[in-house]
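Okay, structure first, notes after.
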Amino acid sequence: MHHPRPARRRHHRAGNPAVPTARHSHPAGAMNTRPITVLIAEDHPVFLDGLAARLSATEDMRVVATVCTGLQAAQAALEHSPDVAVLDIEMPDQDGIETTRQLHRLEPPVRVLILTVHEDDQRLTAAMHAGALGYLSKHAEPATILEAVRTVARGAMFFDPRLSDRIRARLSSDHLQRHPFPQLTDREHQVLALLATNCSNQAIAQRLGISGKTARNHVSAILAKLPAGDRALAGQQARNAGLTLPFH
């Protein structure tokens, strides 16, 4: 296991009075030289060691922790603040789906890539609903796994090419129509819905009870994740998807 330098601690969104620490406004691995920090949770030692070695051998990635269970992954995320968590879907004490939900609720959320031998619709749907940005077979080519980690680190979605047709079907399901941008956090969905009504950053801040700086940071994150070239295009995407605020 690697021994990283001390990292920022994450805070749960609810029940913690501490001010959350913001991630860099630009996507990890882009526009800067900071490596993508990765947490790996996998209960098969041979696969775990091989994956950790391959990611560590790349110049733009740094493995900050390797663990064997879901609960260990949740704790390691709090301790190491990784950009990406690569999770097995089946692990002792807590599966990858529940672990994904926990990591998605952190502030800022950890971006999750699921690696699995399973390709059934039930697990795929559960992973997407839990907030995973990537879902990939363990049998994927090493270069594909690296590409998936980099894509997820940018806040974009990456799914196994063999599952593309089924994923498109899931993305058009009733559930995901109500949440058309699963790569966004709940707060980012609210900000995007306000962008759809052409709200300024000041108006967004007043509506949501946040600072102007926080509003600007949310807008920057949304533009990177969609992706969209500017706030007008982001607002257009939201309108096209029928995104609206759940409150008045």
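These numbers were taken from a predicted model, which means no experiment stands behind them.
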Hydrophobic clustering (ILVMFWY, side-chain heavy atoms < 4.5 Å, transitive) - are Leu71 and Ile97 grouped together?
no
Are Met157 and Val152 side-chain neighbours, meaning at least one heavy-atom pair lies under 4.5 Å?
no
Interatomic spacing from CD in Glu147 to CD in Glu141 - rounded to 0.5 Å
12.0 Å
Rounded at 0.5 Å granularity, tell me how far CG in Leu194 sits from CD in Gln206.
11.5 Å
Group every Ile, Leu, Val, Met, Phe, Trp and Tyr by side-chain heavy-atom contacts under 4.5 Å, then state whether Leu51 and Ile89 land in the same group.
yes
Heavy-atom donor-acceptor pair, Thr144 side chain to Ala140 backbone, under 3.5 Å
no
Should the pair Arg187-Glu107 be classified as a salt bridge under the 4.0 Å nitrogen-to-oxygen rule?
no
In chain order, what residues pass the side-chain hydrogen bond (donor to acceptor under 3.5 Å, both in side chains) check against Gln236, with sequence neighbours excluded?
Arg239, Asn240
Does Val110 reach the side chain of Pro82, with side-chain heavy atoms less than 4.5 Å apart?
yes
One should read off an interatomic distance between Leu133 CG and Arg154 CZ, to the nearest 0.5 angstrom, of 11.5 Å
Please enumerate all residues that pass side-chain hydrogen bond (donor to acceptor under 3.5 Å, both in side chains) together with Lys138, with sequence neighbours excluded.
Glu42, Asp88
Tell me if a side-chain donor or acceptor on Asp43 pairs with a main-chain N or O of Thr69 at a distance below 3.5 Å.
no
Test item: Pro35 and Met61 side chains (from C-beta on) under 4.5 Å apart, heavy atoms:
no
Within the 3.5 Å criterion, strictly below it, is a donor on Arg231 or Asn201 matched to an acceptor on the partner's side chain?
yes
Scanning both residues in full, the closest heavy-atom pair of Val84 with Val149 reads CG2-O, 4.0 Å
One should read off an interatomic distance between Arg62 CZ and Ser56 OG, to the nearest 0.5 angstrom, of 10.0 Å
Pairwise side-chain contact, Leu78 with Leu106, heavy-atom cut-off 4.5 Å (strictly under):
yes
Answer yes if Met91 and Val86 sit in the same cluster of Ile, Leu, Val, Met, Phe, Trp and Tyr residues linked by side chain heavy atoms under 4.5 Å apart, and no otherwise.
no
Give me the atom names and distance for the closest heavy-atom approach of Leu113 to Tyr135.
CD1-N, 3.9 Å
Between the side chains of Asp60 and Arg150, is the shortest nitrogen-to-carboxylate-oxygen separation below 4.0 Å, so that they form an ion pair?
yes
Closest heavy-atom pair and its distance - Ile114, Ala132
CG1-CB, 4.0 Å
Return the set of residues passing side-chain hydrogen bond (donor to acceptor under 3.5 Å, both in side chains) with Glu98 (not counting sequence neighbours), or none when no residue passes.
Arg101
Write down the atom of Thr151, the atom of Phe158, and the distance for their closest heavy-atom approach.
OG1-CD1, 3.7 Å
Distance col, row Leu87:CG vs Asp95:CG, nearest 0.5 angstrom, shows 10.0 Å
Would you confirm whether Thr58, through its side chain, and Leu55, through its main-chain N or O, come within 3.5 Å as a donor-acceptor pair?
yes
Same apolar cluster (I L V M F W Y, side chains within < 4.5 Å links), Leu208/Leu184
yes
Here the pair of heavy atoms bringing His80 nearest to Ala65 is CD2-CB, 3.7 Å
Which is it for Gln75 and Gln72 under the side chain to side chain contact (heavy atoms under 4.5 Å, CB included) test, yes or no, and what are the steps along the way?
CA-CA 5 Å; Gln75 182 60 39; Gln72 290 174 354; 5.7 Å; no
When you measure from the side chain of Arg111 to the backbone of Ala153, do you find a donor-acceptor pair of N or O atoms at a distance under 3.5 Å?
yes
Judged by atom type as modelled, is there a donor-acceptor pair below 3.5 Å linking the side chain of Ser137 to the main-chain atoms of Val117?
no
Distance-only side-chain donor-acceptor flag, Gln102 / Gln94, under 3.5 Å:
yes
Nearest atoms (heavy-atom pairs only) where Thr99 meets Ala73
CG2-CB, 3.9 Å
So, do Ile40 and Val63 sit near enough that their side-chain heavy atoms are less than 4.5 Å apart?
yes
Do any N or O atoms from the side chain of Glu188 and from the backbone of Thr185 form a donor-acceptor pair under 3.5 angstrom?
yes
Euclidean distance, Thr37 OG1 relative to Asp83 CG, rounded to 0.5 Å:
3.5 Å
